[in-house]
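For reference, the structure discussed in these notes is given below.
Computed over heavy atoms, backbone and side chain alike; hydrogens, waters and symmetry mates excluded.
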Amino acid sequence: MIPEYIPQEIEKALQKKWLEEDRFLAKPDNREKYYCLSMFPYPSGKLHMGHVRNYTIGDVISRYKRMNNFNVFQPMGWDAFGLPAENAAIANKVSPKEWTNENIEHMKKQLVALGLGYDWSKELRTCEPSYYKWEQLIFKKFYEKGLVYRKKSLVNWDPVDETVLANEQVIDGKGWRSGAQIEIKEIDQWFIKITEYAEELLNSLEEVDWPENVKTMQKNWIGKSHGAEIKFKIKDTKEFLTVFSTRPDTIFGASFIAISPNHEIALDLAKKDIQISDFLQKCKEVSSAEADMAKAEKLGIDTGISAIHPLTNKEIPVWIGNFVLLDYGTGVVMGVPGHDQRDFEFASKYSLNIIQVISNDNEEDLPIISEGTLINSEKYNNLSSKDASIKITNDLTDKDLGCGLVQYRLRDWGVSRQRYWGCPIPVIYENGTPRIVDENELPVELPELPENSAPIPLSQNKDFYEISSDIQRETDTFDTFMDSSWYYARFTSADNNESVFDKNSSYWLPVDLYIGGIEHAILHLLYSRFFHKALRDMDMVEGNEPFKKLLTQGMVLKDGAKMSKSKGNTVDPQSYIDKYGADTVRLYMMFTAPPEQSLEWSESSVEGASRFLKKIWNLIIERRFEEIKEPSSFSEEEKALRRKTHTTLKKVTNDFEARFSFNTAIASIMELLNFIPEKFKSQETSESEKFCLNETIIIILKMLNPIAPHISEYLWNAFYDQNPQEGIESSWPEVNQDLLEISEFELVVQINGKVRGKVIASIDSDQSEIEELACTIENVSNNLKDKEIKKIIYIKGKIVNFVI
RNA sequence: GGGGAUGUGGUGGAACUGGUAGACACGCUUGGCUUAGAACCAAGUGCCGCAAGGCGUGGGGGUUCGACUCCCUCCAUCCCUACCA
């Protein structure tokens with residue numbers, strides 16, 4: 001009777017062993033290093049499928065690299081500050097700290113149970129003072145470098161709960177808890193000048209090995225555009241309204257100016273004009289999220305003010321438009337309805353002039369968005385858009401009414417959050433004047449909450465903020481993106497309390513492979529890149545980029561949608577780990593879809609993964625390695641198995657190395673297993689068959705080890721039994737090139753591109769021999785009968801195509 | 001609104017550089033084993049058709065001897081959109 005495969009037993013024992021022998025502890029040595037990092041999780045309570053997928057990919061690659069003699073560093077930590085902890089605290093009457101730490105303990109056990117090989121000696125929790133102390137110090141250094149400033153900025157305000165809401169807490173313009181109509185409110189906030197690095201963030205994308213789509217997203221987000229600043233004089237005053245336009249060639253089509261509802265002029269007018277003040281009130285009722293603003297109906301109101309067109313000197317009306325963002329550009333736009341979709345809609349709605357100034361052969365109906373030839377533009381008529389843009393910009397510059405300008409879409413990073421569960425911003429106000437806390441007073445610790453208390457905002461915690469009657473602490477905390485922008489570097493020195501980054505950081509950095517969800521393609525990755533560059537300029541880290549290579553994994557879906565509690569389509573990975581074991585879950589995750597694509601969860605496919613491991617188990621568990629001298633000759637069947645084994649190894653190696661294509665790697669291992677002839681497996685097999693089977697078993701176990709490390713290591717040890725051999729992890733097998741050579745192949749014969757037959761051909765045949773051979777197929781010769789052959793195409797080793 | 005992806009059998013997916021579409025697996029059907037079931041083993045399985053053959057990679061068009069792959073266009077779904085992480 002074959003012993004049964006009970007994954008729970010062997011997995012637990014091996015995990016214990018790995019921890020006891022510090023298998024995954026990493027120290028600098030003279031091997032090539034490989035820093036493999038998976039995005040650390042928010043400790044929400046338990047692992048979800050996205051985590052399992054992310055971390056399995058990272059672990060598979062780490063184990064593979066380790067087998068290839070790299071010094072692998074794979075740490076793990078916790079992005080522990082954030083909104084959900086506060087929500088849970090209110091709902092469950094536990095402190096955010098307690099809730100978070102309990103979640104971490106549970107999730108850490110889950111990670112261990114998945115067999116993930118982390119160096120736990122470098123574990124980080126961003127909510128610990130020992131971590132955020134350094135974040136406060138980095139902020140201080142940014143401040144000293146002139147990268148930090150304070151500015152008024154917009155937030156979603158819930159007037160009932162008297163609190164600032166995150167965008168996701170605003171549903172259809174209402175607060176999620178109170179249901180009250182939210183308001184856009186302007187408050188003082190801290191900003192970091194990420195725009196100072198805009199150009200470098202754009203250019204150094206060329207240095208990294210990232211997916212093109214992520215690079216494109218970042219490029220578009222930074223949004224470098226060339227255009228012109230144009231000044232429109234306000235009638236009867238000496239003041240100007242300055243607009244930025246990427247299309248100065250369309251300036252003769254400008255028929256209105258639109259200013260932001262938060263623009264100074266709008267605010268001034270609202271004081272006197274009840275209609276305008278009503279309009280501004282209405283504008284405040286749309287959440288500040290970009291998607292909401294863009295979807296909201298375009299609304300406007302005439303200010304009654306006129307502006308003077310800088311080139312025609314005609315008067316054009318100034319409107320307030322709810323679609324104009326104060327934070328972007330100058331907060332004023334020039335409306336060219338003939339050549340801009342949004343302006344066209346706005347002008348049509350409010351019966352403003354629509355003037356065509358560009359003609360284009362391909363487009364007839366206004367608005368014509370693309371470039372073309374100028375018309376109705378006085379002396380610029382008949383110029384191309386490009387030439388006209390240059391000429392008009394030059395002429396405006398001469399008149400001192402404008403200038404050419406490079407503009408970025410990227411805005412400075414607002415890091416203030418009005419919340420409790422975050423890193424306190426280390427600032428003290430003395431008589432209202434801010435100053436950063438001295439280094440020796442860091443960290444500014446987050447105050448503990450009274451027992452069973454809901455989180456009290458720092459602004460209501462007098463014990464915290466009041467140092468004396470005229471000295472107060474800042475009560476905002478940092479955006480949690482701050483916490484996650486530099487953790488990759490801190491991991492290298494996580495156990496060092498004396499300095500933020502020690503000499504290990506220059507050994508391990510940059511991260512060789514960073515793995516995480518595609519949803520982080522812009523914000524998190526951009527902020528981290530900015531941090532790295534700023535830290536580099538302060539001589540704290542080396543190199544220009546934090547993440548050399550990036551792997552963006554797709555989402556785990558159920559019924560075609562992202563798993564979420566609100567949709568009720570979540571699947572808890574723990575129940576599958578309990579039922580099938582970690583190896584099956586890992587195998588399933590890797591087999592079901594390529595890493596970059598989204599993965600549709602399927603219950604029954606998990607069974608398939610489990611079945612495959614059982615087959616491997618049943619094949620190997622009772623077999624023992626025997627020292628057999630390599631036979632001098634092999635039968636055809638034996639040769640075929642050896643060739644299959646080594647072509648599989650070659651494919652799997654390539655899939656791991658160059659493509660991260662684990663699903664196809666697993667498929668070929670399955671194919672190899674199916675290929676082993678029955679009689680090789682029987683007890684009465686010959687010596688040479690046994691030799692070949694041994695070779696195949698060894699290679700299968702090695703190939704399987706990164707993906708299913710428990711079963712493969714267990715079987716490896718069982719297979720070698722009393723004869724001590726190298727550990728399964730000590731090396732990746734080598735392809736025997738001699739075994740790959742083939743002399744024959746299956747020739748596909750096509751007529752006009754349609755397959756008409758197949759025949760075994762020699763690889764060395766020339767085209768005429770191939771043609772002759774192809775014509776021996778009855779179906780082919782029948783189809784070619786009485787037909788004029790126009791052309792014959794032969795692709796060596798693949799197909800021959802007769803064109804008739 | 002803007003930006004980025006994806007679309008192939010009943011299902012997940014494969015086809016890597018323009019060269020046999022559907023590897024591998026799930027499911028299903030039939031048979032074996034079994035008192036029965038589970039498990040396991042064997043065979044079959046894109047669609048239409050008795051067959052010959054024809055059709056087939058979201059829809060339409062194009063380039064090519066040859067297109068899942070390249071180009072144009074339309075449609076659907078998903079992700080991000082600066083305070084979810």
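- Of all heavy-atom pairs spanning A/P41 and A/M107, the tightest one is CB-CE, 4.4 Å.
- A/H339 is linked by a side chain to side chain donor-acceptor pair (under 3.5 Å) to nothing, counting only residues two or more places apart in sequence or in another chain.
- One finds a side-chain N or O of A/K791 lying less than 4.0 angstrom from the OP1 or OP2 phosphate oxygen of B/C65.
- Note: CD (A/E519) to P (B/C80) measures 7 Å, nearest angstrom.
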RNA chain B base-pair string [pairs: Watson-Crick or G-U under 3.5 Å; |: paired with another strand]: (((((((..(((......[....)))((((((.......))))))(((....)))..(((((..]....))))))))))))....

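- Across the P atoms, B/G61 and B/C55 are found 15 Å apart, a figure rounded to whole Å.
- Rounded to whole angstrom, the span from the CG atom of A/L599 across to the P atom of B/A14 amounts to 11 Å.
- Applying the salt bridge (charged side-chain N to carboxylate O under 4.0 Å, His left out) test to A/K615 and every residue at least two apart in sequence or in another chain returns nothing.
- Among residues two or more places apart in sequence or in another chain, the salt bridge (charged side-chain N to carboxylate O under 4.0 Å, His left out) test is passed with A/K651 by A/D655.
- Taking the six-membered ring where the residue is Trp, the centroids of A/Y580 and A/Y588 are separated by 6.0 Å or more.
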If a protein heavy atom is under 4.0 Å from the base, mark B; if only from the sugar-phosphate, S; if neither, -; do that for nucleotides 38-56 of chain B going 5' to 3'. --S-------------S--

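- Nucleotides B/A15 and B/G46 have their C1' atoms positioned 16 Å apart, rounded to a whole Å.
- In B/G7 the base sits anti relative to the sugar, since the glycosidic angle is further than 90° from 0.
- Taking atom P on both nucleotides, B/A25 is separated from B/C41 by 11 Å, rounded to a whole Å.
- Ring orientation note: the planes of A/F81 and A/W421 are nearly perpendicular, at an angle over 60° on the 30°/60° scale.
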With B for base contact, S for sugar-phosphate-only contact and - for none (protein heavy atoms under 4.0 Å), nucleotides 1-6 of chain B reads B-SSS-

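- A gap of 14 Å separates the P atoms of B/C72 and B/G4, to the nearest Å.
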